[in-house]
Amino acid sequence: MSTTRADVLRALSFRNISAIYIFVVLFVVFSVWIPEKFLQPGVWRSLLDAEALTGIAAIAALIPLVAGSLNLAVGAQVGFSAILSAWLLGKAGLPIALQFPAVILAGALIGLVTALIITRLKVEPIIATLGMSSILLAGMAWVSGSQQILGLDPAYRQIASAQFAGITVPVYTLIAIALVTWYVLERTPVGRRMYAVGFNPEAARLAGVAVERLRIGTLVAGGALAAVAGALLTSRINAGDPTVGPSFLLPALTAVFLGSTQFKGGRFNVLGTIVAMYVLAVGIKGLQLAGSPRWVNDLFYGLSLLLAVALSQWDKTSRRGAAIDRVITGVWRRPTSGSAKDELSDASPTDAGTRV
C-alpha cells in the first residue's frame, strides 16, 4: 500500500472522522422517521443560528483547555455577561456602542482574575473555575435581583437578528472567531507553545516557554469570548435572563472533548469542535422534533460527554503507545545510526495529544 493511499484511508477512517459518519447515520434515521419535520429548510437555518452562541462558548472553553486549564466557569461567564449586558443597557442606560466593549472587557477581567488564582495562588484549574462559577452565579442573582431585566433598546435586538444572505450575525461571528482561533493554534508559534504547555508544562518551561503568561492569556481570551456569547445572547432574547447562561457549559465541553477525537487524533482543535457541536445539535433537534421529553437533552449531552472524554483519552493513549513503539523499533533496527534524540524526533507532536 502506497503512502498516499494509506494517508487517504487514515483520513477517512471512522477513528479520524467518526462525527461525520455519525451525522450521516442521524440524518438518514431522522429523514426516514420524521421527514415532514426534519427535512424542512427552516429547521436547518434555525439550527445553524441557534448553535452559533454554543460554538462561541465552546471555543471560549477550548482555548484555555489547549494550554491545560479546564474552565468549568464558561457557562456562568456567558450568563453573567448576558446579565451585565442587559443591566448596562436597561438600568445604566449605556449606549450600545459603549456597552458591548464594556461587557467584553468585563469578561476578559473575569478571565484574568481566574488566571491569577490558578497561576499565583496555585489553585487547580478545576477548583478555581468551579469556585469562580459559583461567584458569578451569585453575581448574576445580585445584579438582576433573580428577575429578568426587560425594557432594552429594541435596536439592540437587531444585532443578533440581522441577516446577510440568509445567515445571521451570530453565525458570522462564530465563523470569524473560529478562523482566527484556528490560525493562531495551527499556524503560529503561540499556538505551538499552547499545545506544548497543555501536554507537558514542565518540559515547556524548561524549553523557555513562559507557561504562566501563556495560561493567563488563554483564560483572558476565553473570558472575552464568553462575554461575546453573553452579549449576543442578550441581543437574541432582548432581555437579561439569569437562568439561561449556565446551560451552555455541558454542550460546550461536550463539543470540545468530542471534537478532540476528530481530525487531529486526540488533540483539541477548532474544526473538530465545531463539527462535533453541530452533529450533537442535529441529534438533539431530531429527538425534539420526534416529540422526546426535554430531559432527553441533558441525558444525550451527558452520555455524549462521557463517551467523548473516554474516546479522547483512549485515542491519546493509543497514539502515545504507537509513538513509543516506533521509537523502540527504530532503535532496535538502527542501534548505531544516530542518537536517542534523533530517534525521538520521529514521534510527531500530534502523537502525544494534549493532556488535560
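- Considering every non-hydrogen atom in both Thr218 and Met194, the closest pair reads CG2-CE, 3.6 Å.
- Counting heavy atoms from C-beta outward, Val78 and Val244 have side chains that stay 4.5 Å or more apart.
- Atom CZ of Arg294 and atom CG of Asn297 lie 6.5 Å apart (nearest 0.5 Å).
- Atom OG1 in Thr261 sits 11.5 Å away from atom CD1 in Ile17 (nearest 0.5 Å).
- Shown here for Ala58 and Ala255, the closest heavy-atom pair between the two residues is CB-CB, 4.4 Å.
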| said: Checking Thr119 against Val211 for the side-chain contact (heavy atoms from CB on, under 4.5 Å) test, could you report, in this order, the C-alpha distance in whole Å, the side-chain angles of both residues, the deciding distance, and whether it holds? | reply: CA-CA 9 Å; Thr119 58; Val211 174; over 6 Å; no
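- Between atom OG of residue Ser144 and atom CD1 of residue Ile149 there is a gap of 5.5 Å, rounded to the nearest 0.5 Å.
- Hydrophobic side-chain contacts under 4.5 Å tie Leu150 to no other Ile, Leu, Val, Met, Phe, Trp or Tyr residue.
- Residues in residues 77-92 take part in no salt bridge (Lys or Arg N to Asp or Glu O under 4.0 Å) pair, two or more places apart or across chains.
- The side-chain hydrogen bond (donor to acceptor under 3.5 Å, both in side chains) analysis of residues 59-68, with sequence neighbours excluded, yields no pairs.
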All N/O donor-acceptor pairs, side-chain side in residues 67-77, below 3.5 Å, sequence neighbours left out:
unit_1 : atom_1 : unit_2 : atom_2 : d
Asn71  : OD1    : Ala73  : N      : 2.9
Asn71  : ND2    : Gln77  : OE1    : 3.1

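- The main-chain N or O of Asn269 is found under 3.5 Å from a side-chain atom of Thr273 such that the two form a donor-acceptor pair.
- The cluster map of Ile, Leu, Val, Met, Phe, Trp and Tyr, joined by side-chain heavy atoms under 4.5 Å apart, puts Leu253 and Leu62 in the same cluster.
- Remark: the backbone N or O of Ala19 is paired with a side-chain donor or acceptor of Gln262 at under 3.5 angstrom.
- One N or O on the side chain of Thr114 and one on the backbone of Ile110 form a donor-acceptor pair closer than 3.5 Å.
- Follow the hydrophobic side-chain contacts under 4.5 Å out from Ile237 and you never reach Leu88; the two are in separate clusters.
- Between atom CG of residue Leu232 and atom CZ of residue Phe100 there is a gap of 4.5 Å, rounded to the nearest 0.5 Å.
- Taking the six-membered ring where tryptophan is involved, the planes of Phe30 and Trp33 are essentially parallel, since the angle between them stays under 30° and well short of 60°.
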| task | Check the pair Phe248, Leu53 against side-chain contact (heavy atoms from CB on, under 4.5 Å), reporting the backbone distance first and the verdict last. | result | CA-CA 9 Å; Phe248 280 82; Leu53 301 187; 3.8 Å; yes
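- Arg193 is linked by a salt bridge (charged side-chain N to carboxylate O under 4.0 Å, His left out) to nothing, counting only residues two or more places apart in sequence or in another chain.
- Residues Ala290 and Ile34 come closest through the heavy atom pair N-CD1, 3.7 Å.
- Transitive grouping of hydrophobic side chains (ILVMFWY, heavy atoms separated by less than 4.5 Å) brings Ile56 and Val256 into a common cluster.
- Using cut-offs of 30° and 60° for the angle between ring planes, the Trp44 and Phe38 rings count as perpendicular.
- Of all non-hydrogen atoms in Asp153 and Asn238, the two that sit nearest each other are O-OD1, 3.8 Å.
- Atoms CZ and OG, from Phe23 and Ser18 in turn, are 14.0 Å apart once rounded to the nearest 0.5 Å.
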| message | Determine whether Arg215 and Val197 satisfy the following criterion, side-chain contact (heavy atoms from CB on, under 4.5 Å), listing intermediate values before the conclusion. | response | CA-CA 8 Å; Arg215 282 183 165 169; Val197 170; 3.8 Å; yes
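- Annotation for Leu299: atom CG counts as buried by contact number, over 12 foreign heavy atoms lying within 6.0 Å.
- For the side chain to side chain donor-acceptor pair (under 3.5 Å) test, residues two or more places apart in sequence or in another chain that qualify with Gln148 are Asp241.
- In this view, Arg120 and Glu212 satisfy the side chain to side chain donor-acceptor pair (under 3.5 Å) rule, not counting sequence neighbours.
- Between the side chain of Tyr195 and the backbone N or O of Leu185, no donor-acceptor pair lies under 3.5 Å.
- Under a 4.5 Å side-chain heavy-atom cut-off, the cluster of Ile, Leu, Val, Met, Phe, Trp and Tyr residues that includes Val220 is completed by Leu109, Leu112, Leu116, Ile216.
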Please tabulate, for the side chains in residues 156-183, all donor-acceptor contacts under 3.5 angstrom to protein atoms that are two or more places apart in sequence or on a different chain.
unit_1 : atom_1 : unit_2 : atom_2 : d
Tyr156 : OH     : Ser85  : OG     : 3.1
Tyr156 : OH     : Gln99  : NE2    : 3.2
Tyr156 : OH     : Ala231 : O      : 2.9
Ser161 : OG     : Arg157 : O      : 2.9
Thr168 : OG1    : Asp49  : OD1    : 2.4
Tyr172 : OH     : Phe164 : O      : 2.6
Thr173 : OG1    : Val169 : O      : 2.8
Thr181 : OG1    : Ile177 : O      : 2.7

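- At a threshold of 4.5 Å between non-hydrogen side-chain atoms, the residues Val279 and Phe27 do not count as touching.
- Minimum interatomic distance between Gly222 and Ala60 (heavy atoms only, all atoms of both residues): O-CB, 3.3 Å.
- In terms of the salt bridge (charged side-chain N to carboxylate O under 4.0 Å, His left out) criterion, residue partners of Glu186 (sequence neighbours excluded) are, by chain and number, Lys264, Arg267.
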| query | Is there a side-chain contact (heavy atoms from CB on, under 4.5 Å) between Ile274 and Ile59 once you walk through the steps? | reply | CA-CA 9 Å; Ile274 300 301; Ile59 296 176; 4.2 Å; yes
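- Both Leu250 and Trp295 are assigned to one and the same hydrophobic cluster, defined by single-linkage of ILVMFWY side chains at heavy-atom distances under 4.5 Å.
- One distance of note links OG1 of Thr54 with CG of Leu249; it measures 11.5 Å at 0.5 Å rounding.
- With sequence neighbours left out, Arg45 forms a side chain to side chain donor-acceptor pair (under 3.5 Å) with no residue at all.
- Scanning all heavy atoms of the two residues, the minimum distance from Ile117 to Met132 falls at CD1-CE, 4.1 Å.
- Residues satisfying the salt bridge (charged side-chain N to carboxylate O under 4.0 Å, His left out) test with Arg192, not counting sequence neighbours, are none.
- Side chain of Ser134 to main chain of Gly131: no donor-acceptor pair is present (N/O by atom type, distance under 3.5 Å, no hydrogens or angles).
- Hydrophobic clustering of Ile, Leu, Val, Met, Phe, Trp and Tyr side chains at less than 4.5 Å, counting indirect connections, keeps Leu105 apart from Leu98.
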